[in-house]
Amino acid sequence: MHRPPRLLLSAYAASPLRGSESAVGWNRALQASRFCDVWLICEETEFGPEIREYLDRNGPVPGLEFVFVPMDPAWRKIGNYSATWYLA
């Protein structure tokens, strides 16, 4: 019995509804799930609701699981400034 490779993918931004960085995170996970069992770690507060809404409408994506990590509110405040965004 052949088991597909397992992949742990980290993407702060991942969304089936947005473009740019969010689309890259989403599409990398989606394409990788064609060949691997994928666990995507992404930010909860901003992207979790969009992903859940997509999954509710379209059903689960075979081979793709989501692990949502909420950003601490203090870090979110720090990230509101362009100079500290990537630090947060």
Side-chain angles (χ1 to χ4, degrees):
M1 184 169 142
H2 175 71
R3 181 179 183 158
R6 293 178 282 180
L7 176 65
L8 180 62
L9 182 62
S10 174
Y12 170 82
S15 173
L17 307 177
R18 302 184 197 192
S20 195
E21 182 181 353
S22 303
V24 171
W26 175 261
N27 284 307
R28 284 189 175 186
L30 194 62
Q31 294 305 313
S33 72
R34 294 173 51 205
F35 307 100
C36 304
D37 288 333
V38 178
W39 286 265
L40 175 64
I41 300 172
C42 63
E43 202 277 325
E44 162 71 35
T45 308
E46 191 171 350
F47 302 102
E50 294 175 4
I51 292 172
R52 287 188 189 93
E53 180 181 326
Y54 176 88
L55 296 174
D56 287 344
R57 280 195 322 258
N58 299 292
V61 177
L64 182 54
E65 298 290 331
F66 297 92
V67 179
F68 297 108
V69 178
M71 180 182 278
D72 184 280
W75 283 106
R76 187 167 294 284
K77 286 180 185 177
I78 290 170
N80 284 337
Y81 305 100
S82 61
T84 57
W85 173 252
Y86 288 102
L87 174 63

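Residue pairs satisfying the salt bridge (Lys or Arg N to Asp or Glu O under 4.0 Å) criterion with at least one member in residues 59-71, sequence neighbours excluded, are absent. Contacts classified as salt bridge (Lys or Arg N to Asp or Glu O under 4.0 Å) and involving residues 24-38 (residues at least two apart or in different chains) are not found. The salt bridge (Lys or Arg N to Asp or Glu O under 4.0 Å) contacts involving residues 47-61 comprise R18-E50, E44-R52, E53-R57, where partners must be two or more places apart or lie in separate chains.
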With ring pair (Phe, Tyr, Trp, His ring centres under 6.0 Å) as the test, would you mind laying out the steps for Y12 and F47 before giving the verdict?
CA-CA 9 Å; Y12 170 82; F47 302 102; 5.8 Å; yes
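When hydrophobic residues (I, L, V, M, F, W, Y) are linked wherever their side-chain heavy atoms come within less than 4.5 Å, the members clustered with W39 are L8, I41, V67, V69.
To the nearest 0.5 Å, atoms CZ (F68) and CD1 (I51) are separated by 4.5 Å.
Among L7, L64, L9, the single residue meeting the side chain to side chain contact (heavy atoms under 4.5 Å, CB included) criterion with C36 is L7.
In terms of the ring-ring contact (aromatic ring centres under 6.0 Å, His included) criterion, residue partners of Y54 (sequence neighbours excluded) are, by chain and number, W26. Under the side-chain contact (heavy atoms from CB on, under 4.5 Å) criterion, A11 pairs with L40, not counting sequence neighbours.
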